Amino acid sequence: MASETAAGRNFVHRIVEEHNASGRFGGEVVTRFPPEPNGYLHVGHVKAIALDFGTAEAYGGRCHLRFDDTNPSKENDEYVDAIQRDVRWLGFDWGKHLYFASDHFEQLYELARQLIRDGHAYVCELSPEEIGEYRGQPTRPGRPSPWRERPPEESLDLFARMRAGEFPDGSRTLRARIDVDSPNMNLRDPVLYRIQHVRHHRTGDAWPIYPMYDFTHPLSDSIEGVTHSLCSLEFENHRPLYDWVLDRLGVHHPQQIEFGRLNLEYTLMSKRKLGELVASGQVDGWDDPRLPTISGLRRRGFTPASVRAFVERVGMGRKDDATVEWALLEHCAREDLNRTSQRALAVLDPLRVVLTNYPEDQVEHFELANNPEDASAGTRSVPFGRELFIERDDFREDPPHKFFRLAPGREVRLRGAYLVTCQEVVRDADGSVVELRCSYDPETRGGDAPDGRKVKGTLHWVSAAHALDAEVRLYDKLFSHPRPEDAEVDWRQAIDPASLEARRGCKLEPSLAKAKPGDRFQFERLGYFCVDPGSAPGAPVFNRTVTLRDTWAKLAARGEKRS
RNA sequence: UGGGGCGUGGCCAAGUGGUAAGGCAACGGGCUUUGAACCCGUGGAUCGCAGGUUCGAAUCCUGCCGCCCCAGCCA
């Protein structure tokens with residue numbers, strides 16, 4: 001849709017359009033999403049994924065999924081699988097265009113030989129430390145390696161022997177011959193190949209040498225026919241090198257374009273750091289619902305549409321320190337979940353209510369709407385009886401101003417059922433409230449009073465005799481600091497203990513017994529919840545995705561500040 | 001203090017010489033058998049600062065300030 005394209009237009013699209021207008025790539029648009037399989041994807045990647053796939057789709061092109069697997073010591077198949085699962089879950093399809101940089105190793109090796117032959121690369125025998133010293137400082141020029149002027153034939157021979165596995169790790173490298181005192185550090189004769197006698201997750205022991213990112217990336221793009229190579233801002237300094245490699249070799253030359261990466265308040269957006277949290281056991285795996293990983297968001301109950309809408313609303317910019325507020329993510333979740341999730345009644349902190357004038361063994365069933373936003377969702381039958389549970393928060397002995405829930409002598413509506421009035425408060429020996437004895441008005445079946453009297457409060461409830469016991473996990477922000485990396489405390493120690501509150505003994509309406517892992521619901525008046533993958537028929541577990549907006553909580557907080 | 005970038009309301013972000021979109025947040029009000037959703041409305045930006053060019057500058061020029069990236073045989 002033209003209007004949609006216009007609305008979602010950003011500076012990257014504008015550049016693509018200029019290329020299309022000038023015929024630079026013959027109107028072709030080929031992009032790629034190039035993750036390294038060394039961890040799980042997070043929301044930051046969703047922004048890149050949506051840009052890569054979205055741009056290709058908007059201009060009738062295609063987007064490849066390519067694993068940038070050039071560092072075998074950090075990569076493995078678990079990550080390859082997880083990444084594919086996550087990208088698919090988001091709703092993107094790379095078709096037959098699945099690639100691995102390692103698929104190109106042989107070709108890359110030949111191209112490296114060409115570079116050597118043409119005098120653009122040489123085998124260097126400096127140690128890692130020495131290379132660092134020779135490279136100099138950003139403000140100080142570097143010095144040429146003593147091996148820089150080595151004849152191509154000699155380098156060619158050495159390079160072949162590197163491949164043959166004759167040399168130990170770290171003893172030699174293949175380096176680009178560019179400019180040892182360029183103000184751009186990346187151009188000071190960067191390493192192109194290093195020796196690593198490490199088994200690769202795909203090529204096994206075939207290679208004792210592996211190409212570096214700066215050599216592999218532009219050539220993989222080129223080999224695959226990519227036209228627009230979109231990456232984040234920190235690679236801007238690498239673009240001259242990207243261009244150099246392609247120009248020296250005289251191959252198809254895509255355009256690299258950089259954009260600002262996404263940061264989110266109260267969390268971390270770094271595969272490495274997230275990996276540390278996972279490894280240390282501080283969170284329950286890469287899919288812990290508190291993590292900003294795609295797997296975590298999924299387990300938390302976010303929908304693919306809501307996550308995509310989120311990155312879409314954030315927009316595309318070139319600001320590198322932009323940090324988006326949590327509220328926007330929550331908004332996007334509620335917006336989608338509100339129109340798609342089934343409603344249910346659930347009590348998280350149960351308080352027993354006995355309807356003293358309700359017949360002992362009577363059970364009634366009420367038809368409640370599954371989704372008021374969607375009539376086609378139908379209704380379900382919910383049992384009602386003499387003994388019920390309501391939310392402890394919904395009763396106050398000494399109700400504050402504007403509290404219009406239950407209190408001694410007050411009448412409220414039990415959603416879809418009856419109007420009830422609190423007659424008596426029962427306490428235990430410690431004086432805490434353990435039960436409410438209420439009367440119900442038989443004339444108000446369904447929740448409306450025939451005399452037209454209004455009740456301001458409507459409460460959710462669950463029949464005690466039919467209630468399903470469940471564990472409900474309430475999640476909050478992982479860190480209490482909006483920018484955990486800037487906190488006084490080391491981020492490793494800064495996880496907010498309140499970020500997970502597991503509540504047992506929650507009472508659910510019986511229809512929820514049929515819920516399967518991954519199913520999402522709105523627990524009325526509480527929020528959106530999703531069945532955890534670890535949930536079992538006898539022991540249901542629900543994760544809270546996000547609360548409903550809560551104006552009363554806001555009012556109550558204001559009141560507390562005053563007093 | 002070398003190079004490359006960025007600075008538009010609380011948070012994102014349009015706009016690229018013609019007199020500051022939009023979203024989120026905030027704050028009012030309406031409606032309501034979810035204090036939700038929905039609807040209506042309000043406030044807020046001297047466009048980092050200072051000069052200059054121009055009839056006219058967020059947009060062009062100069063200087064300054066602040067923030068981010070680069071010294072892996074990581075990506």
Side-chain angles (χ1 to χ4, degrees), chain A residues 7 9-11 34-36 38 68-71 73-74 124 126-128 131-133 135-142 169-175 181-188 190-196 209-210 212-214 216-217 231-240 258 260 262 265 271-272 312-332 334-335 338-339 343 345 368-369 372-373 402-405 413-417 419 446-448 455-460 482 522-527 547-555:
Chain A
R9 214 125 143 280
N10 57 49
F11 77 94
E36 180 187 12
N38 67 342
D68 229 330
D69 55 350
T70 57
N71 187 0
S73 57
K74 294 183 175 176
C124 178
L126 253 23
S127 70
I131 286 183
E133 286 162 27
R135 185 133 44 206
Q137 300 291 310
T139 53
R140 289 263 163 266
D169 290 7
S171 63
R172 272 153 246 246
T173 56
L174 179 71
R175 291 233 258 163
D181 49 38
S182 165
N184 181 345
M185 296 296 285
N186 296 122
L187 262 21
R188 322 252 264 224
V191 171
L192 265 23
Y193 269 86
R194 77 288 214 183
I195 301 173
Q196 252 192 84
I209 58 172
Y210 294 97
M212 300 285 289
Y213 166 86
D214 284 311
T216 310
H217 206 84
C231 61
S232 44
L233 249 21
E234 67 268 30
F235 291 100
E236 193 155 21
N237 292 329
H238 293 249
R239 194 171 64 220
E258 310 84 11
L262 169 67
E265 277 185 339
K271 268 197 277 187
R272 204 200 85 235
E312 191 58 46
R313 288 197 193 207
V314 165
M316 203 51 67
R318 279 181 57 83
K319 214 177 338 185
D320 45 26
D321 49 1
T323 301
V324 178
E325 292 177 330
W326 251 94
L328 183 60
L329 216 210
E330 294 192 331
H331 168 81
C332 293
R334 292 183 184 122
E335 182 180 49
N338 173 53
R339 37 172 215 256
R343 313 286 122 132
L345 299 181
L368 299 191
E373 305 288 324
K402 283 193 171 171
F403 180 88
F404 42 78
R405 276 117 94 147
R413 171 168 36 241
L414 293 181
R415 166 131 245 224
L419 262 33
D448 279 312
V455 283
K456 194 86 168 115
T458 300
L459 273 41
H460 57 280
Q522 182 200 92
F523 288 175
E524 292 206 33
R525 302 211 307 134
L526 295 174
T547 63
L548 250 31
R549 284 188 59 186
D550 191 346
T551 307
W552 166 245
K554 211 181 287 182
L555 276 176

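Note that the coordinates shown come from a computational prediction; the quantities given were computed from them, not determined experimentally. Each chain gets a letter, A, B and so on, in the order the sequences are listed, and its residues count up from 1.
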Would A:Glu524 and A:Arg415 satisfy salt bridge (Lys or Arg N to Asp or Glu O under 4.0 Å), going step by step from the backbone distance to the final call? CA-CA 9 Å; A:Glu524 292 206 33; A:Arg415 166 131 245 224; 2.2 Å; yes
Options [options], nucleotide nearest the side-chain atoms of [X]:
X	options	value
A:Ala327	B:C74, B:A37, B:A25	B:A25
A:Pro138	B:A36, B:C74, B:G2	B:G2
A:Arg549	B:A36, B:A75, B:G35	B:A36

In whole angstrom, give the distance that lies between atom CZ of A:Phe235 and atom P of B:C70.
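The distance from CZ of A:Phe235 to P of B:C70 comes to 10 Å, rounded to the nearest Å.
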Any strand, both distances under 3.5 Å, Watson-Crick or G-U wobble: B:G7 pairs with B:C65
If pairing means Watson-Crick or G-U wobble with both distances under 3.5 Å, then the partner of B:C73 is none
In 5'-to-3' order, the base (B), backbone-only (S) or no-contact (-) status of each nucleotide in nucleotides 5-12 of chain B, using a 4.0 angstrom heavy-atom cut-off, is BS-S-BSS
Looking only at the side chains, is there a donor atom on one of A:Thr139 and A:Gln137 sitting less than 3.5 Å from an acceptor on the other? no
Note: for A:Leu126 and A:Leu526 on RNA chain B, the residue whose nearest nucleotide lies more 5' is A:Leu526
Q) Think A:Arg135 has a side-chain N or O under 4.0 angstrom from the OP1 or OP2 of B:C73? A) yes
| So do the side chains of A:Arg172 and A:Tyr193 get within less than 4.5 Å of each other, counting heavy atoms only? | no
Counting the atoms with a prime plus P, OP1 and OP2 as sugar-phosphate, which does A:His460 contact under 4.0 Å by heavy atoms, base, sugar-phosphate, or nothing?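 Nothing, no heavy atom under 4.0 Å.
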